[in-house]
Amino acid sequence: MSGRKQKRQIRPGKGPEPHNGRGMSKTDHFPDKLLAWFAVHGRHDLPWQRSPNPYRVWISEIMLQQTQVETVRPYFERWMARFPDVDSLAGAGVDEVLHLWSGLGYYARARNLHRAAHIIRDEPGGRFPQTLDAVMALPGIGRSTAGAILALSMNQRHAILDGNVKRVLSRFHAVGGWPGKKTVENELWSLAELHTPTHDVAAYTQAIMDLGATLCTRTRPRCEACPLRADCLARQAGTQAAFPARRPKKARPLKATVMAIFLDGDGKVLLHKRPPSGIWGGLWSLPEFSTAADLREHLETSGIVDPQMETWPVMAHGFTHYQLAITPTVVRLQTLSDKIADDRAVRWIDPSAPPAMGLAAPVSKLLDQMVQASVA
DNA sequence: AATACGGGGAA
DNA sequence: TTCCCAGTATT
């Protein structure tokens, strides 16, 4: 990348220029107003705010990436009781680390904490790294988390840009475009740096996160209580709901599957338990085949002769990442010997009285349809 | 049911 | 570099 002549005229979305709009005057009142508000209304009693050393802040930030404050609190306390510092974490087995994490999900993050603890301990000096680049070099820590750790625990001047801050800044400056886009994210980073004060960085960092978490919320922001309301461009235009722009919904790839509804003579339906990971992990579902031909082949292989099959209209099911077209196919098994025995992973259930088991959503729908069809 | 979340790894 | 994904909570 040699030619970087295009400075920064990339302004996705519309709205006034952020840098000379209101709220970006020569003296920036943004941090002062925020700090004054924080002194009165901010949270000052969170567990990780007591002796906020880099280790404690680090652990709290990773936990808070995925879980809200009240849920994190007990996890954090248990963690600190068992792993009060980097050495105790590095000295533990990964299984115990995962055990203390269990319930929080995203286990890769716990593994990264463990790996990073080893790296820090084995560093010459064995101290927590003190520069942004060195902190970012640790697994599981990116720019925002690194900035938060150094700002909150050492009052170093670094900007942060977590989800709360993105929301506050994109509203305040009416920055359009989805923050997941690199150009938009860069714009927000430069605004975050512009507002970050040279004094009280730790308080400021907590303040802007608190504002996003308590007032400048995704839905129904409480603008009337916001210390920044006078200069907030979104507030002035009444367009708070438009920021930050949502991820553009991309055309999701279409996948197709055949779900077999095996019906025995008693009107019971065959379900099987899905593997613990992947789509519908651990839930009960109908047997799936990629095509109707596959289903027929499977039946032949199983020695089921001349099965009575009935294809239902395609049912669409939307996932975050793709669209699934389900072709339900009823297969009536004719003889008792066709019936597959119950098993830990296979069960015959009465569709009109499904037992308390985790069912994939479209499976519940299909079972309902079964009942409707048999009544009609 | 759709979406947000920060970072890692794939493309 | 950019895109896509994970696993849960929230709306």
Side-chain angles (χ1 to χ4, degrees), chain A residues 1-4 6 10 12 57-73 75 98 101-116 119 132-133 135-149 158-168 170-171 177-186 188-189 192 205 209 212-214 216-221 241-253 255 274-283 315-324 326 358-365:
Chain A
M1 256 317 166
S2 53
R4 51 169 161 77
Q6 298 196 326
I10 307 158
V57 173
W58 170 39
I59 302 300
S60 72
E61 285 298 317
I62 301 299
M63 289 182 171
L64 289 165
Q65 281 175 8
Q66 63 200 19
T67 312
Q68 63 183 17
V69 166
E70 287 317 310
T71 309
V72 162
R73 198 188 287 266
Y75 278 90
L98 291 172
W101 194 265
S102 84
L104 282 174
Y106 268 120
Y107 294 94
R109 291 182 177 170
R111 292 179 195 278
N112 280 337
L113 287 175
H114 194 225
R115 282 175 57 206
I119 293 170
L132 192 69
D133 285 345
V135 175
M136 282 178 66
L138 296 169
I141 301 181
R143 181 176 174 187
S144 185
T145 302
I149 292 170
H158 298 292
I160 65 162
L161 193 62
D162 70 359
N164 287 317
V165 179
K166 284 175 185 167
R167 195 165 51 249
V168 170
S170 64
R171 283 176 178 162
W178 175 52
K181 261 270 175 294
K182 210 55 183 176
T183 52
V184 180
E185 194 188 358
N186 290 343
L188 291 172
W189 267 115
T205 301
M209 291 192 293
T214 64
C216 198
T217 49
R218 190 153 74 92
T219 58
R220 291 180 44 88
F243 303 97
R246 282 198 306 256
R247 162 200 290 269
K249 29 181 166 284
K250 48 177 191 255
R252 289 170 296 181
K255 299 189 183 186
R274 300 183 61 93
S277 66
I279 203 68
W280 297 321
L283 298 184
M315 165 184 279
H317 185 76
F319 284 103
T320 309
H321 302 301
Y322 61 93
Q323 186 80 21
L324 187 62
I326 300 166
L359 293 179
V363 174
S364 296
K365 242 185 251 177

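If you measure from atom CZ of A:Arg115 to atom P of B:dG8, you get 9 Å, rounded to the nearest angstrom. The nearest whole Å value for the distance from the CD atom in A:Gln65 to the P atom in C:dA9 is 16 Å. The CE-P distance, from A:Met209 to B:dA4, rounds to 21 Å in whole Å. When rounded to the nearest whole Å, the span between CG of A:Leu113 and P of B:dG6 equals 16 Å. If you measure from atom CD1 of A:Ile62 to atom P of B:dC5, you get 16 Å, rounded to the nearest angstrom. Spacing between atom CG of A:Leu161 and atom P of B:dC5 amounts to 10 Å, rounded to whole angstrom units. To the nearest angstrom, P of B:dG7 lies 11 Å from CD1 of A:Ile160. In this structure, CZ of A:Arg111 is placed 16 Å from P of B:dG8, rounded to the nearest angstrom.
At a cut-off of 3.5 Å, with distance as the only test, a side-chain donor of A:Asn112 or A:Arg115 sits close to an acceptor on the other residue.
Heavy atoms of A:Ile141 sit under 4.0 angstrom from primed sugar atoms or phosphate atoms, though from no base atom. Across all strands shown, A:Arg167 has heavy atoms under 4.0 Å from sugar-phosphate atoms exclusively, and none from any base.
Taking CZ of A:Arg247 as the start and NZ of A:Lys181 as the end, the distance is 10.0 Å to the nearest 0.5 Å. Atoms CD1 and NE2, on A:Ile149 and A:His158 in that order, are 10.5 Å from each other to the nearest 0.5 Å.
With a 4.5 Å cut-off on side-chain heavy atoms, A:Arg109 and A:Trp101 count as touching. Residues A:Trp189 and A:Ser144 form a side-chain contact, since some pair of their non-hydrogen atoms from C-beta on lies under 4.5 Å apart.
For A:Asn112, taking side-chain heavy atoms from C-beta onward, the closest of the listed nucleotides B:dG6, B:dA4, B:dG8 is B:dG8. Considering only the side chain of A:Lys365, B:dA1 comes nearest among B:dA1, C:dT10, B:dG7. Proximity note for A:Gln68 (side chain, C-beta onward) versus B:dG6, C:dT11, C:dT10: the nearest is C:dT10. Here the nucleotide nearest the side chain of A:Lys182, chosen from C:dT11, C:dT2, B:dG6, is C:dT2.
Of the P atoms belonging to B:dG8 and C:dA9, the separation is 22 Å, rounded to the nearest Å.
Residue A:Thr71 places none of its side-chain N or O atoms closer than 4.0 Å to OP1 or OP2 of C:dA9. The phosphate of C:dG7 (OP1 or OP2) has no side-chain N or O of A:Arg109 nearer than 4.0 angstrom. In this model, the phosphate group of C:dC3 is approached by a side-chain N or O of A:Lys181 to a distance below 4.0 Å at OP1 or OP2.
Annotation: of the two residues near DNA chain C, A:Arg218 and A:Gly180, the 5′-most nearest-nucleotide partner is A:Gly180.
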